[in-house]
Every structure is written in C-alpha cells, then in structure tokens.
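Structure, as structure tokens:
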Amino acid sequence: MTPSAYRLDSRLLAALARGGGGAETVRMLRESEYSRRLLLLRAMLDRAGEHGGDTWRGMNRLFGVLTDAWRTAPDVTRRILGHPSVGPRLVTTWRTLDGSGPAAVGPLPLASVAASAATATGLDVSIGLTAVPPGVVLPGLGAVRLPEAAPGAALLLRGSRTGGVLETGTGLLVHLPPATVLGAERAGWWPLRGATPGPEASFLVDDVDQVVATDAERPYRLSEDELRLWRSTAAGAMRLLRARHTDYAAELDAGLRTLTPLPLAEGSSARRSGSTAEMFGGVTLSRPLHARDLAETLVHEMQHSKLAAVMHLVDLLAEPSPAEPRARYYAPWRDDPRPLYGLLHGTYAFLSVARFWSREAAFVSDPAERHRAYVRCARWREAASETKEAMLADRSGLTGTGRRFVAAMGNALAELRTVPLPESAVREARRQADLHRARWSERNRAGRTENQALPSVTPRAGRTEN
C-alpha cells in the first residue's frame, strides 16, 4: 500500500476548469484520491503512536489487518479502500486521533473498513465493531441486518476463509457468507447491488450505508420493485449520455462508483442530490422521475467530485484572514448565503449543467420539453456567469491559480453564452432568476439578526454582493 505522487500541469488544469478533462483525467483524479487515503492511513498510524497506550495498540492492529488483507488480495483490498463511503470514515478517524473531532466512543470508524477488508479477503481475525442502523455496515460490501441491536451496541466480528461470524453480545450469532459469495443476498445479509443487472455493472446501488446521511435521510434498503425502477432509470440515463454526451458518459464510466438512495422527505415531493469532498464517485440522491433528469444529476455531481479532487491537489482558495469574517455570497441555486468554497463548486457544476441542456435541446422533439431545455440552459449559464464575476471581484479570496481556474471557467461560459436561444426561453429564465433573488433577499433580510457574521449587502450592477 504505497501512495503515488500526482500533479496537475497548467494544460490539464485549464481543461478541467472548462468542465472537461476526459476519462483519463478522471481516472487520474480517482487514483490521486486513493493515494490520499493511503497517506491519511499513514498519518493516523503516526498520530496514534504519539498517543501511545491502547490508542496505539488499537490503531496498529487495524493497520495490520489492512496490510494483511492487501498481501492476501491486493485488488480486493484496493476496491474496499477506494469505496466512496470509506473516505468519511478515514477522515473521522483522523479527526478523532487529532483531537479536532469528538472523542471516540467504542471502536474507531476505521474498524468497519478493516472488518470489510478482512471479510472480503477471508482473514482469520477478530475485530470489535459498533452497531449502527441497519446493524453492521461493511463499507464496499454490504450490511448485516440486526433489527434488535441498539445503535452503539458492542459487536465482535470473527473472520475466516469459510465466512465470518458476528457476535452480538446477547448470545445471537450471525453467520456471514464466505468471501467468494458475498455478492449473494441471504437471510440477514444485504450485499451491494449493481445499478444495472449483471456482473459488468459500472456502478453500484449502496442502499445500506448511512455514513453521510442524517437520521431523517438515512439510506434504506430498496425493495425489488424499487430496485428495478432505479436500474431502469439509471440504464436510461447512461444510454442517453452515451448517445448524446459522450464526454460526460466517459467521465462517469471512469469515476462514478455508487448511487445511495434517499427517501423523499415526509410530505415533500422535492428531490435531492449531493456529494461530498471525501466520497469521490459517490452520489446520494432521491430517485429521479426520468432518465434525462438523472443524467443531468450525474453530470452535476461528477463535476463536484472532480473539483473536490482538484482542490486536494492544488490550492484554488486563499487562506482567510483570521481578523476578517469570511465573506458570504448570493448563489442563484441556493436559499442561503454561500462561502467562496460553495460558490466555486456551484459555478463549476452549473457550467456543465448549462452545457448539458444546450446539447439536449437539439435532441428533444416535444416542443414543451425543448422549451424546458432552453430555459434551463439560459437559467444556469447566466447564473454561473454571475457568480464567476462575483468570485473574480473578490481580490483576496482566490489564489493566483484559483483566479486562472475561474477565468478559464469564464471563457467556457462566454462561449456557451454565444449559443442562440429563443427569446421566450431567455425571458422565462430571467423571470425565474428574479423570483429567486427576491425570495432570497426577503429570507436573508429576515435572518440577518441571527447571522451577524454576514458582511453588509451592497448592490452593484444589478447584483447582490455578499
């Protein structure tokens, strides 16, 4: 498990800034994220050594399990360590050891990663775990369902080549499948399943891992009927992208690893999606209604994964001054003021969303759907152009590299704005933008007393700079 060094030259960084880069670049970013995880593991071991005692012994043992798993089956262990939901577990473990996160209660989050690697490679080891809904999650593999286990209950996994045994402390023993058949569902064992049927599925439905979900959003096991709907929609989305957006499809094939379903909030029809900086290739989302909407969501979220990986390699944002409050900005896609980091991410994602709808409009035969595509293109290309200007106007927020990155985004947006659109679509997009701004202003004026850290609002050139 040796990390490699990665760098982005100016040519590649410019291509990424324009929203592209291609499949090879996405593979390189995926590999750089994997190397970052290996470095984080090494840093955890060093920090645990500074603590000494039980912390050192526990961390050293988990590191030893991962090393043994690597020696037994390097490809399998690499797949586990590269699984999107492993990233947050590594970061949480590091913060716990570093003292910048909550003190550990029970085993470190790394324990579930080590247990997953041990199970997948058939190691003969014992690892202490903590119950979390739906029972025990083995990231990258699946989950053991333990409906009677209280969250936080102590558990013990005993691994072997013939299948692990989970001891619950109440006398209940749960037998796990052998490593060779972990992909098959059985009583109490929920494996990850492909988003398309068959062994060649390019990404997985991770409907058992709640690592980044709140209690209200916690992923839930899809029924067979629901899974068929997800698979049908995902297959349709990828067919659409491969036929009409070959560059985006190639990047998704290279980088997308998991879709994590979210239930719709009670009483709401609003669909949500998201991704985090430590979960490269992982998308959390509500089930979209149509393949085209899922295609847009996948394009959007892959841009976030790409930019997060870029920002792990190069500094685009300057260190904020401790003497000055961090600036917050109007974002045409959010209801709350956003920090520069969020504004950069949103601008980058919506550049590609606008490009997606510009292309889609040429393929849509239904007049109403074509108008909808034109409106979305107009709405998001103008929104991204506006926020790009706000970022460049902040003379202290971006590094020199960051300013060049945003300027390259601006060049791509300028080209996109030359694409002719029907005046009716432009008017509708402007109406939606004005309505959003008015609602945003009303909402944030009302909340100003609760958020005094926001800088004052200064209108300029028809924009709200904040």
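Sequence positions, counted from 1, serve as the residue numbers for this chain.
At distances below 3.5 Å, at least one donor-acceptor pair connects side-chain atoms of R231 with backbone N or O atoms of G194. Without hydrogens or angle criteria, S116 side chain to P139 main chain gives a donor-acceptor distance under 3.5 Å. Side-chain atoms of T347 never come within 3.5 Å of backbone atoms of T387 as a donor-acceptor pair (strictly under, hydrogens ignored). Under a 3.5 Å cut-off, the side chain of R379 and the backbone N or O of R430 do not form any donor-acceptor pair. In this structure, S275 contributes its side chain and H304 its backbone to no donor-acceptor pair below 3.5 Å. D315 places no side-chain N or O within donor-acceptor distance of the main-chain N or O of L317, the cut-off being under 3.5 Å. Side-chain atoms of S232 do not come within 3.5 Å of backbone N or O of R228 as any donor-acceptor pair. In this structure a side-chain-to-backbone donor-acceptor pair under 3.5 Å is present from T96 to T92. Listed for the D293 side chain is no donor-acceptor partner under 3.5 Å among the backbone atoms of P288. One N or O on the side chain of Y348 and one on the backbone of L16 form a donor-acceptor pair closer than 3.5 Å.
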Given salt bridge (charged side-chain N to carboxylate O under 4.0 Å, His left out), test E50 with R47 step by step and report yes or no.
CA-CA 5 Å; E50 295 172 10; R47 184 53 52 88; 2.9 Å; yes
Could you please spell out the steps behind the side chain to side chain contact (heavy atoms under 4.5 Å, CB included) verdict for S85 and T258?
CA-CA 9 Å; S85 70; T258 59; over 6 Å; no
Salt bridge (charged side-chain N to carboxylate O under 4.0 Å, His left out) assessment of R193 paired with E224
CA-CA 11 Å; R193 298 173 290 185; E224 287 300 322; 3.3 Å; yes
Run the salt bridge (charged side-chain N to carboxylate O under 4.0 Å, His left out) check on D366 and R372 step by step: do they pass?
CA-CA 10 Å; D366 179 74; R372 176 172 171 263; over 6 Å; no
Stepwise, does the salt bridge (charged side-chain N to carboxylate O under 4.0 Å, His left out) test hold for D253 with R242?
CA-CA 10 Å; D253 282 334; R242 290 182 180 120; 2.7 Å; yes
One pair to check against side chain to side chain contact (heavy atoms under 4.5 Å, CB included): L110 and M59. What are the steps and the verdict?
CA-CA 9 Å; L110 181 63; M59 184 65 201; 3.3 Å; yes
Would you check, one step at a time, whether the test side chain to side chain contact (heavy atoms under 4.5 Å, CB included) holds for L192 with L141?
CA-CA 6 Å; L192 302 188; L141 296 180; 5.9 Å; no
Decide yes or no on side chain to side chain contact (heavy atoms under 4.5 Å, CB included) for L351 and K388, but give the supporting numbers first.
CA-CA 10 Å; L351 159 61; K388 177 267 300 183; over 6 Å; no
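For the atom pair L240 CG and E360 CD, the distance stands at 4.5 Å (nearest 0.5 Å). Taken from CG in L66 to OG1 in T121, the straight-line distance is 9.5 Å, to the nearest 0.5 Å. From L8, atom CG reaches atom CE of M28 across 4.5 Å, with rounding to the nearest 0.5 Å. Of the inter-residue distances, the one linking R417 atom CZ with C377 atom SG reads 11.0 Å to the nearest 0.5 angstrom.
By the neighbour-count criterion of 12 heavy atoms within 6.0 Å, atom CD of E423 is densely surrounded, having more than that number from other residues, nucleotides or ligands. Within a 6.0 Å radius of CZ in R359, other residues, nucleotides and ligands contribute more than 12 heavy atoms.
Defined by atom type and a distance below 3.5 Å, a donor-acceptor pair is missing between the side-chain atoms of Q303 and H345. Under the 3.5 Å distance criterion, with hydrogens and angles disregarded, no donor-acceptor pair is assigned to the side chains of T77 and D75.
Residues S112 and R89 meet the side-chain proximity criterion, which asks for heavy atoms closer than 4.5 Å. With a 4.5 Å cut-off on side-chain heavy atoms, H290 and E369 do not count as touching.
Annotation: H300 is in aromatic contact with F350 [ring centroid separation under 6.0 Å]. Residues Y330 and H436 bring their aromatic ring centres within 6.0 Å.
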With a 3.5 Å cut-off and sequence neighbours excluded, list the donor-acceptor pairs that the side chains of residues 404-416 form with protein atoms.
residue	atom	partner	partner atom	Å
R404	NH2	T401	OG1	3.2
E415	OE1	R18	NH2	2.7
E415	OE2	R18	NH2	3.1

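Contact check on K306 versus E251 returns a salt bridge, with a Lys/Arg side-chain nitrogen under 4.0 Å from an Asp/Glu carboxylate oxygen. In summary, R95 and D98 do not engage in a salt bridge, as defined by a charged side-chain N under 4.0 Å from a carboxylate O.
R30 forms no cation-pi arrangement with F280, by the criterion of a distance under 6.0 Å to the ring centre and an angle within 45° of the ring axis.
When all heavy atoms of L138 and A115 are compared, the closest pair comes out as CD2-CB, 3.9 Å.
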